[in-house]
Each structure stands twice: as structure tokens, then as C-alpha cells.
Participant: 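Quick one: structure below, then a few questions.
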Amino acid sequence: MGLNDFLPLFIIFCIAWIVPLILSWLEIGKLPAVIAEIIMGVAVGPYALGWVETSQYLDFLGQMGFLFLIFLAGLEIDVNKIISSLPRGRLKFIDLISNSFLLAVFIYFGSLVLSFPFAWLLSYAMDIDIIYFTLLLPTVALSIIVPILKSDGELTRKYGQVLLMEGAIATIMSIILISVYAGYLRNGLEVELLLFTVIFAVFAVTYVVGKRLIKARTFQKLLYRLEHAASQIRVRGTVALLLLFVLIAILIDTEPVMGAFFCGTLLSFFVSKERSALVFKLDGMSYGFFIPIFFITVGVNLDLSALTHFGESIPFILTLTVGFFLTQVIPAIVMAKVFGLKKALAGGILLTARLGLTIATAQIGLSLGIIGTAENAGIVTASILASLLSPLIYKAISGEGELIHYVYILGGSRASLYLSERFKMHGISFITILDEKEIIPDFEKKSVPFQLVENLSTASLNDLNIRTSDQVIVLTGSRSLNQELTKYINQDLNHEKVIAQKDLTLLDEIDPKSSLKFVDPDEVIAHYIEDMIMRPDAVSSLSESFGIYRVEEIKIVNKDIDRKLVKDVAFPPSGSLVIQRRGDEMFIPHGDTHLLLGDIVTVIGNTSALADFRKVLESD
């Protein structure tokens, strides 16, 4: 290998390094880094400056970046959480909009259904294959969506999970449906059309094998021994698993991206995303090396000669771009019930991003003779246009979005104060509605969010903009006001996600089939006294005073203590390390235990001690 092999890679990584620095320095938050990288790729590519030419090895590295990106997208999906959150029994509308997976499914199929009438109307203006365009319109560019959600810190939140799952569902369903339709057009109805189901079988078999392996103590010991050595055994095994699924996808003649996504989803069963050192290593390897190459080579490989038919395609380009936005944004408005109208519109617009899969679908259509060169150029141009516009509009809308609360605590009682402090500790977005000025200093002292509503009544609730998916907790100091608010919220506002204190009179007036939940204060007191007698030490240390003692989980991100022993780190004497988690392993730390980046340490102590623990473990 010579200069011509390394120089293009050097230029690519100069771009990958400089672009985020410049965007951050100039505070250009509205322009996603991935879009800037694609544009810079076009600039240095063969159709502009000519500094970087397309080559087989750059294409391979770029393809690996795309596969790692989709693999990490699959890894971000919490399958266990999805399964456990699925409603039991009869499906209600509230279940549809409050469950992330069902909401994502609804948005995708809503987009697919809307695509048919749009394609049908388009067929009146030009000769097109209606089914082909119906499958083309809902394709989503996960490669654009994932980095943007990750940079905004939304990827692990419910909003980001809905968008991620919708994009994943659209990607997988589009690959399956387009592959089946293309196979049908080529060969008619044959058994080979069902070959894509092989990957589901491999997924199931690998899951079963993986479950058995992680229970084998010898295997666990080997993994632990080699995890942080030069072997990096978990990283090597993950890459091997990824390549296995990619090879299977290629063998069954489907897109490799399908294998990458299934591999990431499979691994999500076995890895705790927030607590695994493996995820940090994969993130570093992927976003530090492979993924930037993918985005920049997208620009480098962009064949501007495909736009030679641009003039005759302008009406088609504009119509198709409008179709991308309409068929995606309209179904996404259902998210307004959960996240508010602005975030719903922003999410729908971000999902409009089109790139690799859409362009690949255009190439399939061209090879089958479904579309001509002019339509192909139009689809490519519309995809680029959508991928440029959607992130910019998303940033513009979501950047100044309304403040969203997922939990409303009604009433300024002492219980409300204690609950607010706990919600704050867990990072839950909430607000407490106070009805008395006297307790305001206590809430200000704890720095918890609150809003004063004097003379709290049923009329006050109409101004709170409580959405269907929001949790409402009724904890005023007045029994009659609790009854009045609970009845109004449930019966007049038709809101079912309510927690209130148990009251026999209220129970008689509420529909027994209602999903309202009640807390019996007497039962809670009885449980607490039982714990004081049966587990006195635990109660005295953990629950005697919430303002004095707390248990908290802290992630180790301080590089200065990486690989150090517990006994060599100056931890605060007024607290203790309780549990240490590393991946799927959990153990009790002692003096000779190593501290590794990414470990989650459970600590106990007073407010001052916890602040010291955070300083030691989290300081960069």
C-alpha cells in the first residue's frame, strides 16, 4: 500500500475531526454533524475538488460503518422493556399512545397506508408502478436519525425510542417488502420469496445458545478474565456475531443491514446499555472510526452525473419530496398526545430523512425496469433534499420546544415533597402543583420543580395541559379535595393514569373496571412498621430520614481512577460502596476490587457524601 491508499483516509479523518470542532466552536447547533460530513464528502469527492477518489477499500470501510451504525441502533432497543410493557387483555387507545413500541408500529403502518393513495394520485400525472412507490415512500434513513438523536441525548429516552423503533420497523419492513416484491416481479411466486425468514430462525437459535452460554460458570470466568486484557474477548465476539448475521443476510440474498440490525437487537437481550463497558468500547470503535468514514464516503460516492436529467425531473422531485413529508408527518401527529404538538411534528419531520435505503430501492426499480433514468435521478435528488431539510427543520422546531412533564403531583403535602425529591433523584420529568404558599420554602430548599396554583380545584386542571399518557398523582392534604380531583380527572377528563389515596367513598363512585390505582396509607404504615421490626438495621440506615441517607447509582467516567483498586481511592468516610455492576455481573466491592470505566457503583451516604462520591467517580 502506498501514498494513494493512505492519503484519502487521512483526508477523511481530518474532515471527521474538524467538522464537529467547527460546529461546536461556531455554535451551529441547527446543522447536524452527519449532514456537514456528507456535504464535505461531496466537496472533496471526484465530482468537485477530486481529493478523494472512490476505491474498493474505502467503500468497504464505509459499508462497515453503515453496518455498525445500524447494529448500534438495534442494540439501543430495549426488547425486554418492550415485551414487559405490552398491554395485557383488551387493547385501549391509551395503551396505543403510551406504549413506545405500539406507537412506533402505528406510525409506520399509518405512513404505509397513506403512501398508497399518494402513489395512486401520482399515477395520474405519470406512468408509475403504484405498489413500488407505496413501498418506496415509507423508507427511513436510520443512518441520519440515530446520530442526531444520540447527539441530542434523546436516544435512550421515550421520545427517541419511539423514533428509533419506527425507523427500525420501517427499515426492516421496507427491506422485506421490497425484496419480496422484486422477487415476485423477477420470478413470480416461488418458495425463495420466503428465504428472509431464515434470519429469524438464526436469531432464535442464537438467542437460545447465548442464554445457555452466559449461565455456564466456566464461560463467565473466561469472559471476565479476558474482557479487559489485550484479548478484548467481548468486543471480538460481538464483531464475529455481527459478521455472522451479515453473512447470513447476504447468503439469503437480502440486505446486509437487516442482519446487522437483528444482531444488535439480539445482543440487547444480554447487555445492559447503560452499565456495560462493552457498549462504551463499541461506541468508541464505531463512532470513532467506522461511522465517520460511512457518512463522508456517502458524499464522496454521490454520483452527480445521475442528475443530468434534473431539468425534466423537477416536478417529480418536488412532488416526491412533499410525499415523503406528508406520509411521515401526518401519522406522527399521534405523538402529540404524549410529547406535545411541537415534538410530534419535529419527530415526524426527522423521520422524513431518506438516504441509502431509498436510493437502493431506486436502483432496484431501475434494474427491474419499473422506473427510468429520469425517475431514478428524481428519487436520488428527492432523497438528498429530504435528508438535508428534515434534520434542519427538526432542529429548528425541537430546539425551542415546550417543557414536557410526564408526571403531575397534585397537592403540597409532605408526601408530595418526599415523592418530588425521589423523582428528582431518578431523573423523572415531573412537576408538583402546590395549593399552599406555606410549603414553598421547603420545595425551594430541595430545588424540585413546582407551580403554585392558589385555590386548587377542578377548574385549575384545565390549564395544566395534561396529556393522555401523563401520570397524575393526587396527594393534597384534603380528603374531600382528593375525591373531587380524582373523580373529575377520571370521569370528566376521561384520564385513566391516576394514582390516589384509597378512599371507600371514592371507590363506590369509580367504575370498578377503571385502571385507576389507589394507595392505602394504613397499609403503607403497616408495611413500614413491619420492616422496622423485621429489618431494623436496613430501615434505620436507609429510611430513617430521606434527607440524611440515600442510595444512589453512579457510573464511573473519571479516567484518573480507571483500573485503580478501591483501597487506593480516597472515598468519603461518611459513605460506603455497596454494589458494583460490570455488564451483566454484580458483585460487592472490597479493597482489592478494580474500578473500571463504565462500571456502575451503588453507594450509600448523606447528601455531602454522595456529592463527594460523584466528584470522585464522575469527574473528567
Side-chain angles (χ1 to χ4, degrees), residues 153 157-158 339-340 401-467 469-486 488-489 493 495 497-503 516-521 524-525 528 539 541-554 574-575 603-615:
R157 298 174 184 168
K158 182 172 182 177
F339 306 109
E402 62 215 74
L403 185 61
I404 300 295
H405 302 296
Y406 298 127
V407 179
Y408 286 82
I409 305 174
L410 305 183
S413 62
R414 301 302 300 180
S416 300
L417 178 61
Y418 296 145
L419 189 58
S420 298
E421 194 176 5
R422 284 164 167 78
F423 282 166
K424 179 186 175 183
M425 182 181 71
H426 292 299
I428 296 173
S429 178
F430 74 97
I431 190 167
T432 304
I433 308 300
L434 304 183
D435 53 347
E436 297 179 1
K437 293 181 179 179
E438 292 75 12
I439 201 170
I440 288 180
D442 294 329
F443 277 78
E444 290 177 336
K445 182 180 178 180
K446 299 294 184 181
S447 298
V448 292
F450 67 87
Q451 176 183 336
L452 177 65
V453 177
E454 297 188 69
N455 301 319
L456 180 62
S457 64
T458 55
S460 311
L461 300 179
N462 297 319
D463 300 325
L464 295 181
N465 192 29
I466 299 174
R467 297 177 305 278
S469 61
D470 293 336
Q471 181 72 64
V472 180
I473 303 170
V474 184
L475 278 177
T476 73
S478 167
R479 177 184 173 185
S480 59
L481 183 57
N482 283 345
Q483 292 179 357
E484 183 182 356
L485 293 177
T486 303
Y488 181 79
I489 294 169
L493 298 183
H495 193 91
K497 298 188 70 173
V498 182
I499 298 175
Q501 294 186 38
K502 190 174 182 179
D503 186 287
L516 268 67
K517 297 178 181 178
F518 295 95
V519 177
D520 189 339
V524 173
I525 293 173
Y528 186 78
V539 173
S541 61
L542 297 175
S543 308
E544 185 179 43
S545 173
F546 187 75
I548 297 177
Y549 291 104
R550 291 184 193 163
V551 175
E552 190 169 318
E553 289 185 338
I554 304 174
S574 55
V603 298
I604 183 173
N606 56 27
T607 303
S608 175
L610 292 179
D612 291 337
F613 274 119
R614 285 192 291 271
K615 185 176 180 181

Participant: Would you call Phe423 and Val448 a side-chain contact if the rule is heavy atoms closer than 4.5 Å?
Facilitator: no

Participant: Could I get the full list of side-chain contact (heavy atoms from CB on, under 4.5 Å) partners for Val453, not counting sequence neighbours?
Facilitator: Ile433, Gln451, Leu456, Ser460

Participant: Is any side-chain heavy atom of Gln501 closer than 4.5 Å to one of Leu475?
Facilitator: yes

Participant: Knowing that exactly one of Leu419, Val519, Leu410 qualifies, which makes a side-chain contact (heavy atoms from CB on, under 4.5 Å) with Ile473?
Facilitator: Leu419

Participant: Pick one: which of Val498, Leu481, Ile409 meets side-chain contact (heavy atoms from CB on, under 4.5 Å) with Val474?
Facilitator: Val498

Participant: On a heavy-atom basis, which atom in Ile439 and which in Gly412 lie closest, and how many Å separate them?
Facilitator: CD1-O, 2.9 Å

Participant: Any non-hydrogen side-chain atom of Phe443 less than 4.5 Å from a side-chain atom of Ser420?
Facilitator: yes

Participant: Who passes side-chain contact (heavy atoms from CB on, under 4.5 Å) against Glu438, sequence neighbours left out?
Facilitator: Glu436

Participant: Hydrogens and angles aside, do Ser416 and Thr432 bring a side-chain donor and acceptor to less than 3.5 Å of each other?
Facilitator: no

Participant: Taking Asn482 for its side chain and Thr476 for its backbone only, find out whether a donor-acceptor pair lies under 3.5 Å.
Facilitator: yes

Participant: Provide the closest heavy-atom pair for Gln471 versus Lys497 in the form atom of the first, atom of the second, distance.
Facilitator: NE2-O, 3.1 Å

Participant: Can you name the residues that form a side-chain hydrogen bond (donor to acceptor under 3.5 Å, both in side chains) with Ser478, not counting sequence neighbours?
Facilitator: Ser480

